[in-house]
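Okay, handing you the structure first.
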Protein chains: 2
Amino acid sequence: MTEIEKTDNEQLILKAAEQEFLTKGYDGARTTSIAQKAGVTHAMLHYYFRTKKQLFDRIIEKTVETFKEAILAALGNPNMLFVDRLKDGIASQFDIMVANPLLPRFFLNATISSPELYDLLYERIASFVKVLIVDLQKEADAAAERGEIEKTDIQVLLITIMSLNVFPFIAYPFIGPVMGEMNPDREKFLAERKAENIELIMKRIIKQ
Amino acid sequence: MTEIEKTDNEQLILKAAEQEFLTKGYDGARTTSIAQKAGVTHAMLHYYFRTKKQLFDRIIEKTVETFKEAILAALGNPNMLFVDRLKDGIASQFDIMVANPLLPRFFLNATISSPELYDLLYERIASFVKVLIVDLQKEADAAAERGEIEKTDIQVLLITIMSLNVFPFIAYPFIGPVMGEMNPDREKFLAERKAENIELIMKRIIKQ
DNA sequence: AATTTGTTTAACAATTTTGTTAACGCAAAA
DNA sequence: TTTTGCGTTAACAAAATTGTTAAACAAATT
């Protein structure tokens with residue numbers, strides 16, 4: 001075996017594990033299934049990652065970065081004016097969701113089997129978010145002062161944005177069955193949804 | 001054992017199973033754990049329900065009714081005028097979520113391990129929803145005609161309502177860690193959220 | 001009391017899933 | 001060439017989880 005192929009097996013397992021864990025969750029994932037997807041014996045999986053839990057932690061480690069990005073995205077670009085910053089932030093977050101549609105479900109699920117995830121999220125994400133919220137709140141207050149927008153609580157607003165941007169991806173499998181195939185075209189559905197979310201927030205904060 | 005206790009065993013198992021499945025999902029649930037919670041041997045569980053899957057189906061059967069109620073609730077009371085109907089519907093759905101906070105997660109999770117759930121949801125819920133959407137769309141069109149609200153697509157609106165009303169419950173475990181304990185008082189958080197959701201929808205549809 | 005019926009228990013069996021080990025192979029270094 | 005070390009395989013072991021059974025039991029019916 002050449003060196004490239006060697007290092008590849010570890011990567012193949014990681015890739016297969018990501019797919020397995022993201023679609024089935026920790027409890028539903030099977031190490032044998034991961035090994036099979038990766039095209040290696042399941043002994044190899046244990047050789048490289050020892051236990052299922054350690055392999056899972058590697059996937060968490062990798063995805064938590066994207067998760068963080070997704071949350072921070074909503075807070076927008078600090079160099080833009082408040083309203084534009086917000087529009088841009090909402091759109092950016094939505095785009096990240098489009099690119100990683102399995103992520104929300106995965107994290108919601110992960111909290112069930114690994115409660116220690118809370119601490120990880122806190123140490124990795126909370127500090128950033130807290131600072132940015134304070135910053136954004138100041139801008140919101142200033143914009144409200146100038147009469148551009150209504151007085152707005154950024155924490156409340158952030159939950160609204162997350163709700164609107166994240167829920168459609170979590171619930172996508174339900175939307176068909178429950179609504180009755182109203183959305184044959186995923187692309188179109190997502191484009192409309194993105195525009196609608198921005199519209200909703202704007203109507204909420206812009207002073208009439 | 002008295003007679004009351006005897007007949008109760010089946011119920012005790014169902015109750016324990018509901019708690020286990022709702023908090024841990026199908027894959028994470030353990031029949032031994034359910035039996036233990038119910039205070040019976042795990043052989044009893046198999047005596048009454050044969051397999052884990054059959055027990056799970058009983059829980060699905062029970063909870064799908066509440067799930068249906070929750071969705072229909074958002075469509076409001078047909079005897080009310082459009083705007084009031086909507087306000088009332090949003091509030092009602094939110095209240096159902098408060099009363100059944102584990103339900104959304106459970107159903108999102110359940111789709112992973114039982115894909116046949118789609119068919120169940122379709123046959124149980126879709127027919128109702130479809131009719132009510134058509135009904136509500138007519139009312140919305142009429143209200144828009146009268147200049148009371150903006151032209152509104154009810155399917156889009158329904159997804160918005162679900163997003164706003166459901167997401168906070170799914171994500172509740174995250175809100176603390178990520179936002180940094182901004183919500184020490186759950187009651188207060190929920191009351192504010194409910195009002196905010198109604199406000200958001202109203203600002204979106206009411207013609208200024 | 002004897003019979004029937006449904007319930008309960010404890011021990012066991014089967015299956016699934018995860019984890020381990022010893023032996024083997026191969027490429028690079030000594 | 002021998003050695004060293006990592007990667008690989010196959011077979012095995014262990015653990016966890018679900019499912020079964022025979023026998024005991026209890027309550028109601030005859």
Side-chain angles (χ1 to χ4, degrees), chain A residues 1-61 106 109-110 112-117, chain B residues 1-61 106 109-110 112-117:
Chain A
M1 296 252 173
T2 74
E3 207 182 300
I4 299 161
E5 280 166 21
K6 262 191 197 171
T7 51
D8 252 14
N9 266 349
E10 189 170 350
Q11 293 305 315
L12 283 174
I13 295 171
L14 276 173
K15 202 173 161 186
E18 182 174 339
Q19 211 246 331
E20 179 89 357
F21 283 128
L22 259 68
T23 53
K24 301 188 186 169
Y26 180 79
D27 293 319
R30 297 291 169 250
T31 54
T32 46
S33 165
I34 292 170
Q36 203 178 332
K37 274 181 196 161
V40 302
T41 65
H42 83 279
M44 286 301 316
L45 183 147
H46 289 290
Y47 172 72
Y48 281 111
F49 302 99
R50 203 75 183 170
T51 67
K52 179 181 179 183
K53 186 61 167 51
Q54 277 186 49
L55 180 53
F56 181 71
D57 287 345
R58 290 285 295 271
I59 303 301
I60 286 281
E61 198 62 29
F106 173 65
N109 226 310
I112 292 173
S113 35
S114 44
E116 73 272 21
L117 188 60
Chain B
M1 297 242 176
T2 73
E3 203 184 302
I4 298 161
E5 282 167 20
K6 259 195 197 173
T7 51
D8 256 11
N9 267 349
E10 188 169 350
Q11 294 305 316
L12 283 174
I13 295 170
L14 275 173
K15 202 173 160 186
E18 182 173 340
Q19 211 245 332
E20 179 89 356
F21 282 128
L22 260 69
T23 53
K24 300 188 185 169
Y26 180 80
D27 293 320
R30 297 289 168 250
T31 55
T32 46
S33 165
I34 292 170
Q36 203 178 332
K37 275 181 196 161
V40 302
T41 64
H42 84 279
M44 286 299 316
L45 183 147
H46 289 290
Y47 172 73
Y48 280 110
F49 301 98
R50 205 74 183 168
T51 66
K52 179 182 179 181
K53 185 60 167 49
Q54 278 186 49
L55 181 54
F56 181 71
D57 286 345
R58 289 286 295 270
I59 302 301
I60 286 280
E61 199 62 28
F106 173 65
N109 227 309
I112 293 173
S113 36
S114 45
E116 72 273 21
L117 188 59

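Per chain, numbering begins at 1; letters A, B, ... match sequence-line order. All figures in this text were calculated on a predicted structure; none of them were measured in a lab.
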Interatomic distance where CG belongs to Asn9(B) and P belongs to dA27(D) [whole Å]:
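About 14 Å, once rounded to whole Å.
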Think Thr31(A) has a side-chain N or O under 4.0 angstrom from the OP1 or OP2 of dT17(C)?
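Negative; the distance criterion is not met.
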Starting at the 5' end of DNA chain C, which residue's closest nucleotide do you reach first, His42(B) or Thr51(A)?
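The answer here is His42(B).
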Does this structure show an ion pair linking Glu20(B) with Lys37(B), if we count only N-O contacts that are shorter than 4.0 Å?
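So Glu20(B) pairs with Lys37(B) through a salt bridge.
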Using a heavy-atom cut-off of under 4.0 Å over every strand shown, decide if Thr32(A) touches base, sugar-phosphate, or nothing.
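Base contact - Thr32(A) has a heavy atom under 4.0 Å of at least one base atom.
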Side chains of Phe106(B) and Glu18(B): closer than 4.5 Å at any heavy-atom pair?
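Answer no - side chains too far apart.
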Separation of dA15(D) P from Lys53(A) NZ (nearest whole Å):
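Going from Lys53(A) (NZ) to dA15(D) (P), I get 20 Å.
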Euclidean distance, atom CE of residue Met44(A) to atom C1' of dA11(D) [Å, nearest integer]:
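It works out to 16 Å between those atoms.
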Provide, to the nearest angstrom, the distance between the CZ atom belonging to Arg30(B) and the C1' atom belonging to dG19(D).
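Distance check: Arg30(B) CZ to dG19(D) C1' gives 15 Å.
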Could you state the OH-P distance from Tyr47(B) to dT18(D), rounded to the nearest angstrom?
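Rounded to whole Å, this separation is 21 Å.
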Are Arg58(B) and Leu14(B) side-chain neighbours, meaning at least one heavy-atom pair lies under 4.5 Å?
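In contact.
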Indicate, with a heavy-atom threshold strictly under 4.0 Å, whether Ala29(B) touches base, sugar-phosphate, or nothing.
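Here Ala29(B) touches the backbone only, sparing every base.
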Cation-pi between Lys53(B) and Tyr26(B): NZ/CZ under 6.0 Å from ring centre and within 45° of the ring axis?
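Judged by the rule (NZ or CZ under 6.0 Å from the ring centre, within 45° of its axis), Lys53(B) is not positioned above Tyr26(B).
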Spacing of Ile13(A) atom CD1 relative to dT9(D) atom P, expressed in whole Å
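After rounding, the reported distance stands at 10 Å.
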Atom-to-atom span, NZ of Lys52(A) to P of dT17(C) - whole angstrom:
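About 9 Å, once rounded to whole Å.
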Distance in angstrom units between Phe56(A) CZ and dT18(C) C1', rounded
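It works out to 16 Å between those atoms.
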Below the 4.0 Å mark, does dT20(D) have OP1 or OP2 next to a side-chain nitrogen or oxygen of His46(B)?
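Answer no for this pair, as no side-chain N or O of His46(B) is under 4.0 Å from OP1 or OP2.
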